[in-house]
Amino acid sequence: MVTKTDVKTFLNFVNGSWVKSSNSEVSASINPANRNEIVGYVQKSPVEDLNAAVEAAKVAQKSWGKLSGAERGAFLFKVADILESRVDEIAETMTREMGKTFPEAKGETARGVAILRYYAGEGMRKVGDVIPSTDSGALMFTNRTPLGVVGVITPWNFPVAIPIWKMAPALIYGNAVVLKPAQEVAVTAAKVIECFEEANFPSGVVNLVTGSGSVIGQGLTDHPDVNGITFTGSDTVGKQVGQGALARGAKYQLEMGGKNPVIVAEDADLDLAVEATISGGLRSTGQKCTATSRVIVHGSVYETFKEKLVSKVQEITVGNGMQEGIWMGPCASENQLNTVLSYIEKGKEEGATLLVGGNRYVDADCADGFYVEPTVFEDVTNDMTIAQEEIFGPVLALIKVDTMDEAIKVANDVQFGLSASIFTTNIQKMLHFIEDMEAGLVRVNAESAGVELQAPFGGMKQSSSHSREQGQAAIEFFTSIKTVFVKGS
Ligand SMILES: NC(=O)C1=CN([C@@H]2O[C@H](COP(=O)(O)OP(=O)(O)OC[C@H]3O[C@@H](n4cnc5c(N)ncnc54)[C@H](OP(=O)(O)O)[C@@H]3O)[C@@H](O)[C@H]2O)C=CC1
Ligand SMILES: O=C(O)CCC(=O)C(=O)O
């Protein structure tokens, strides 16, 4: 039975007002822990609604871009305070809409608050350099100008943090934004935008248009007045967005997949490595682009590590993320569940051995949710699909190796290069790993997931468009450098 009592409908936010889509179509956002529960209705907008938002953003950006960084920062500080006052409510919406456990959702929302404050502060920091001119009578320096209108296309796995880590730097550097969140998490996105509204942002500076990726996401990519597109999501759509933006000369930034390894050396602290492999691989039901997916273990410690890992994985409690004591929630959608189950089947077909898990989880109250058991395979070779493709689910693949050189070779033998960890107490091995690992984020004795907001984040190889987000790196995407040469007459 579908639960419909008091289900609210969320609107688009265009030019400072909440508006229905012009075709009056909505879609239901459902709870992946129980498909019968509707979390809210969201607009399924046509491209005309996007065009109105872009037009509003284009007009509003002119005066927003003229404010000082400190003035723009004051708005972001206000949003941070408002979001902070709504942490529990917004985190609960996130858990109900995409399944991650309530403590994780709270942590993510608090991270959104911290990101807003970080970029609010950036409004007071330097944006350029003085460069000595060869002309002794001249002053040469760099300044930064905003891009104009930025299209923000975001996925469902971090419904608060990712939109905020894209919007906050876009705004502080003087751009106006149009956000198109993943339709699965559009209710959470609308609540985040309510915080911007409450902070009294000038009309048109921040806009939200919900709808399908192929209409609104593609519309942003193709719109001639959208000067920059920042995207996080799948490899396939990311490349499509990049090609579309390039074709019309717009700036773009893509964060896409990962196939992140953890290397466990023979001298590793095995308990630490097990904890980190489980946390990095299975938290958020494995739905992080930084999630550990391949566990490359030295032969001499393989059996001990495997035993410890399997025993801990068997203790994981699966269920509704709103319930206390639950460690792992459902997959975010039925599609995602089916993708994960099909990768598990592929693993079995291609000869990997299932050590634990491998099934849809339907115990207790879980039959109406999109749950899957935490799963570990062994006898995985690098040519197998589960060793090469991003699964985005709670599936770990154990790969046994004999040497450190082999471990790094295997770790690098994928198309992606987002994050990677090593567990070792040997400094030579750490240095070898730091030097030779092809990944944008390399971590020693720490899990592969876990991004710090003040540090650059992005991948090598097919994981990104080679740009970096977050920290001070964000200024490179959200502004253009202007080199100024001044000579007294
Ligand atoms: N790197 C990461 O953090 C993420 C990686 N993924 C990977 O992608 C797989 C599929 O996830 P999925 O949600 O389908 O990812 P998508 O790449 O389809 O979605 C990401 C965003 O792009 C939008 N989008 C979809 N089609 C287009 C388009 N033609 N033009 C512009 N924007 C578009 C989506 O909108 P809408 O949702 O409305 O379709 C969403 O807002 C996952 O299994 C995982 O492997 C997924 C999410 C995050
Ligand atoms: O590991 C994290 O905290 C961030 C992961 C991320 O950016 C993603 O999954 O898209």
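Note that ligands are numbered from 1 as they come in the structure, with each ligand's atoms numbered from 1 the same way.
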Under 3.5 Å, N/O to N/O: give me all the pairs between ligand 2 and the protein, one per line with atom names and distance.
{"residue": "ligand 2", "atom": "1 (O)", "partner": "Thr290", "partner atom": "OG1", "Å": "2.5"}
{"residue": "ligand 2", "atom": "1 (O)", "partner": "Gly450", "partner atom": "N", "Å": "3.2"}
{"residue": "ligand 2", "atom": "3 (O)", "partner": "Arg111", "partner atom": "NH1", "Å": "3.1"}
{"residue": "ligand 2", "atom": "3 (O)", "partner": "Arg111", "partner atom": "NH2", "Å": "3.0"}
{"residue": "ligand 2", "atom": "9 (O)", "partner": "Asn157", "partner atom": "ND2", "Å": "2.9"}
{"residue": "ligand 2", "atom": "9 (O)", "partner": "Cys289", "partner atom": "N", "Å": "2.6"}

Q | For atom 13 (O) of ligand 1, closest protein heavy-atom neighbour | A | Trp156 NE1, 2.6 Å
Q: Check whether any heavy atom of Gly211 sits under 4.0 Å from an atom of ligand 1.
A: yes
Q: Might you confirm whether atom NZ of Lys44 has over 12 heavy atoms from other residues, nucleotides or ligands at distances under 6.0 Å?
A: no
Q | Which segment of Lys288 sits under 4.0 Å of ligand 1 when only heavy atoms are counted | A | neither
Q) Among protein heavy atoms, which sits nearest to atom 39 (O) of ligand 1, and what does the distance come to when rounded to 0.1 Å? A) Gly213 N, 3.5 Å
Q.
Distance under 4.0 Å to a non-hydrogen atom of Pro155: what atoms of ligand 1 satisfy this?
A. 47 (C), 48 (C)
Q. Between Ser27 and Gln183, do the side chains contain an N or O donor and an N or O acceptor separated by less than 3.5 Å?
A. yes
Q: Looking only at non-hydrogen atoms, find the nearest pair between Trp18 and Leu208 and report the distance.
A: CZ3-CD2, 4.2 Å
Q: Identify the protein heavy atom lying closest to atom 23 (C) of ligand 1, giving its residue, its atom name and the separation to 0.1 Å.
A: Ile153 CG2, 3.7 Å
(Q) Any protein heavy-atom neighbour for atom 19 (O) of ligand 1 (distance below 4.0 angstrom)? (A) no
**Q.** side-chain contact (heavy atoms from CB on, under 4.5 Å), paired with Lys180, selected from Ile216, Ile229, Leu50
**A.** Ile216
Q) Should you measure from each heavy atom of Val241, which atoms of ligand 1 turn up under 4.0 Å away? A) 31 (C)
Q | Aromatic contact, Phe201 with Phe196 (centres under 6.0 Å) | A | yes
**Q.** Proximal ligand 1 atoms for Cys289, defined as those under 4.0 Å from one of its heavy atoms
**A.** 1 (N), 2 (C), 3 (O)
(Q) Against the six-membered ring of Phe158, is Lys100 placed for a cation-pi contact (under 6.0 Å from the centre, within 45° of the normal)? (A) yes
Q | Thr339 to ligand 1, any heavy atom closer than 4.0 Å | A | no
(Q) Quick test of your reading of the model: are Glu469 and Lys166 salt-bridged, counting only N-O distances below 4.0 Å? (A) yes
Q) Going by heavy atoms, is Phe231 under 4.0 Å from ligand 1? A) yes
Q | Donor + acceptor pair across side chains of Thr381, Asp383 (<3.5 Å) | A | yes
Q) Using heavy atoms and a threshold below 4.0 Å, how should the contact between Gln336 and ligand 1 be classified: side chain, backbone, both, or neither? A) side chain
Q.
Under 4.0 Å from a heavy atom of Gln218: which atoms of ligand 1 are those, numbered in the order shown and with their elements?
A. 28 (C), 29 (N), 30 (N), 31 (C)
(Q) I need the contact type for Thr154 against ligand 1. Using non-hydrogen atoms and a strict under-4.0 Å cut-off, is it side chain, backbone, both or neither? (A) backbone
Q: Taking atom types as modelled, find out whether Gln388 and Thr385 have a side-chain donor-acceptor pair closer than 3.5 angstrom.
A: no
